[in-house]
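All chains are named by letter (A, B, ...) in the order of the sequence lines, taking the proteins before the strands, and each is independently numbered beginning at 1. Scope of the values below: all heavy atoms of this structure, side chains included, with no hydrogens, waters or symmetry mates.
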Amino acid sequence: MQASDRGGCGVKLRVKQISLSYGDTAIFQNLSLSLCEGEILGIKGDNGSGKSSLCLCLSGLIGEEDGVRLCGEILYDGKPLQKMSIAERCTAVGIVFQNPDSQLFSPTVTEELAFGPENLCIPRQEIAARIEEALRLCGIEHLKNAKTHLLSGGEKQLVAIASVLTMHPKILIADEITARVDIEKKERIRNILKSFASNGGAVVLVSHNSRDLAVATKTLELERGKDYADRT
Amino acid sequence: MLIELENLTFSYQKRLPPVLCGLNAVFESRGIALLTGANGSGKTTLANLILGILKPCAGSIKLDGKNAVKMSPGARANRIGYLFQNPDLQLFAPTVEEELSFPFELSKTLTEEKKALLKELIKKFGLSGMETRFPLGLSGGEKQRLALAALLSKGVEYLILDEPTSALDAGSKEDLIHFINDFSKNNGVLVMSHDEDLADALEDKRVLRLEGGRLYEA
Amino acid sequence: MKLDPRSRLLLIVLLTTLAVLSEDVGNLMIVAGAAIGAGILCRISFLDAAKRLKHFLSLILFIAVVQSLTVKGGDILVHIGKVQLLTSRGIGFALEFVLRMSVILMAGLIASTAEGSEMTDGLLKLRMPYELAFMSAIALRYLPVFRDEFANRIKAIALRGIDIKKLSLWTKLKLYGYLITPAILGAMQKSEELARALNARGFRAFKKRTMLRELKLSYKDWIVMITALVFTAVFLIRMYTCGALLVL
């Protein structure tokens, strides 16, 4: 089922016929979609169908590496992703990955949450306010002074989400973020994503879990190498 | 393989509160036991105790009625197989074929009969045609199937699966569920998982919850 | 009042410099005394430190004993017939080694008093390029991750029914060969994931970055830093004029 293009709803993300290939292997072709405020796009598909690659494309993390070819346009609030600076990109879109160990760099939770805003030269007082807000949104106020390497897998994932929220992105991409997390925290993460969408953001959620995909307002199923040109 | 836990207690350090307190449980030689619990509740610790990687602070573990205290992890591994959450950690060899054969080559027990069994396992786990491929280059589902084949090549009677579906897509998950249901007809399986879809699909399972260092039956 | 990380960094650099450049037991005892003073200023609990480092301390003592028995020269203190067991030069060498290692250990303990990324922030305030300061911090952060992963692989080998201790040397080497490729691949994959995550969090978005932690040098920091610099300068000049400076 192809995600439809609804032009007049406060479109935050518009993807126009993007095609991605690694060498001679096409991952997806002529894929178009759009995402409005308040929407949660659920993406599913077999391993190798291009879900994570699509997430990397949408977050501007696919570079001009050897053999990688990306064509088409990705627009955030009408501005092309390729023309954005790093700072603009980070405030347009944030991404959380499956493995929290690969996205936590700091010794303590507070420092972790401060990392993104520090990079964006946000003033000190505002960083402190954003940290309090993100801790509250993720329900991890009690972990404020905790050491990151001592946290459980689920706690680490919540800290990873909070550390992206402190950058105030308008779109949040969640790439299989509940895969390594217990049931109680899965539910909390789903609520965080719903809350993010209902507060004016939009979410791209990749998951194999049917309960995760149930929070989506629309879904997209990917197939490896497929040409989506004939879909509307 | 009957696994009995009697008053099992474990703490990583004396000054820290115990991770497991006086656990009593029996894991039957047939059927599925599904173990749930929050991240950090001690599921992997329990598995490591059963496997002999960790030693209990108090209490005992019996395998088929015998106290397992003197059984080395290697000896237990011949009867209990453990599937890591990340199968990359248990794949070592340069090819799929060698992945299955290298433990037998190292112990000089690779007989013609064994070779035939390994060929059979490659076929059974849908790895035919991939014999010369690099194991770490396979997909998540293929790696997991290879890791399971490697465990079964030792003729294990009991399997412990640690979050087996975290990296699997829908198709591979279905294959795994089918395998677990099938294997558990004549052997025991302990599945440690948060996956609600997996929990719903497993047949005739006992559901246990690890919380606050104690085991509860749901 | 806790010392600013910049003061602690200066103490670390000066102590290790003096430890490396000093010769003879007398000078090293003075440096060791200064190191103890620095440790007290940084509120190090020597008893806790000794408990944590007991294996390391035993190793230092062992090496010292071996050196005292193998280095010959000066007055013969203990001998069996014509065989010299212990000489004054040997004892001196061993003492120098123990004192030098103690000072370096103390510098390490001062570094460990930092909370979180204090030392990284201190290096940044000292105008070290962010990428360099961050690299060392991230290496420390990920060492336990790689260590745990390697330990899990060794565990996985045991769980395949392979008893490493019972294998011949050649087979053991072959087995370790099986471990190295996956470990390197795992490290490369983690680095790639880490680079992506850093990119996603705006790393190097601008040439400078703000800091949540506010670092301010107090009067105590200035006193400590000036005293340490003056002490080091005077000590080095004195050692040079007396010919006790280790020329590299």
Side-chain angles (χ1 to χ4, degrees), chain A residues 22 25 42-53 97-102 139-140 142-143 146-160 175-190 206-215 219 221-224, chain B residues 12-13 16-17 19 34-45 84-89 126 137-145 161-177 191-201 207-213 216 218:
Chain A
Y22 293 120
T25 310
I43 299 181
K44 58 182 179 179
D46 289 344
N47 284 349
S49 58
K51 304 186 298 299
S52 291
S53 298
F97 300 96
Q98 184 185 106
N99 183 4
D101 276 323
S102 302
I140 50 169
H142 61 290
L143 298 178
K147 292 189 168 45
T148 48
H149 72 279
L150 292 176
L151 301 176
S152 69
E155 288 170 337
K156 281 183 187 167
Q157 192 64 292
L158 288 169
V159 170
D175 189 359
E176 300 199 50
I177 62 176
T178 63
R180 298 182 191 204
V181 156
D182 61 58
I183 292 170
E184 186 256 323
K185 292 195 182 61
K186 276 198 224 287
E187 202 47 51
R188 211 193 298 182
I189 289 173
R190 289 168 199 146
V206 172
S207 184
H208 294 301
N209 185 306
S210 56
R211 284 171 176 76
D212 284 353
L213 294 170
V215 309
T219 55
E221 183 156 2
L222 295 184
E223 272 176 58
R224 188 180 178 87
Chain B
Y12 280 100
Q13 283 175 49
L16 294 174
V19 175
L34 175 65
L35 180 62
T36 64
N39 293 108
S41 57
K43 300 189 295 297
T44 304
T45 304
F84 283 74
Q85 179 174 352
N86 178 6
D88 283 14
L89 294 173
L138 300 174
S139 74
E142 288 164 349
K143 279 188 231 179
Q144 194 186 70
R145 293 204 304 270
L161 310 180
D162 194 348
E163 295 292 348
T165 58
S166 59
L168 298 185
D169 57 36
S172 300
K173 208 188 275 194
E174 226 176 277
D175 290 340
L176 177 71
I177 290 166
V191 180
M192 306 190 301
S193 177
H194 304 304
D195 187 339
E196 299 120 317
D197 293 337
L198 174 67
D200 290 343
V207 181
L208 301 162
R209 196 177 80 252
L210 196 50
E211 196 179 311
Y216 302 94

Of the listed Ser49(A), Ser207(A), Gly154(A), the one with the largest count of heavy-atom pairs under 4.5 Å with chain B is Gly154(A)
If you round to the nearest 0.5 Å, how far is CG of Asp182(A) from CD of Glu163(B)?
9.0 Å
Taking every heavy-atom pair that is under 4.5 Å apart, which of Ser166(B), Gly40(B), Gly140(B) has the most such pairs with chain A?
Ser166(B)
Exactly one of Glu184(A), Arg180(A), Lys186(A), Lys185(A) should register a side chain to side chain contact (heavy atoms under 4.5 Å, CB included) with His194(B). Which one does?
Lys186(A)
Contact origin within Glu155(A) toward chain B - heavy atom pairs under 4.5 Å
neither
Quick one: CG on Asp46(A) to OG on Ser139(B), what's the gap to the nearest 0.5 Å?
10.0 Å
Would a distance-only check, ignoring hydrogens and angles, find a side-chain to backbone donor-acceptor pair under 3.5 Å from Asp197(B) to Asn209(A)?
no
Identify the heavy atoms of Asn47(A) and Asp169(B) that sit nearest to each other, and give their distance.
N-OD2, 2.7 Å
Point-to-point distance, once rounded to the nearest 0.5 Å, from CD1 of Ile183(A) to CG of Asn39(B)
10.5 Å
Is it the side chain or the backbone of Leu168(B) that comes within 4.5 Å of chain A heavy atoms, both, or neither?
backbone
Under 4.0 Å between a Lys/Arg side-chain N and an Asp/Glu carboxylate O for Asp200(B) and Arg211(A)?
yes
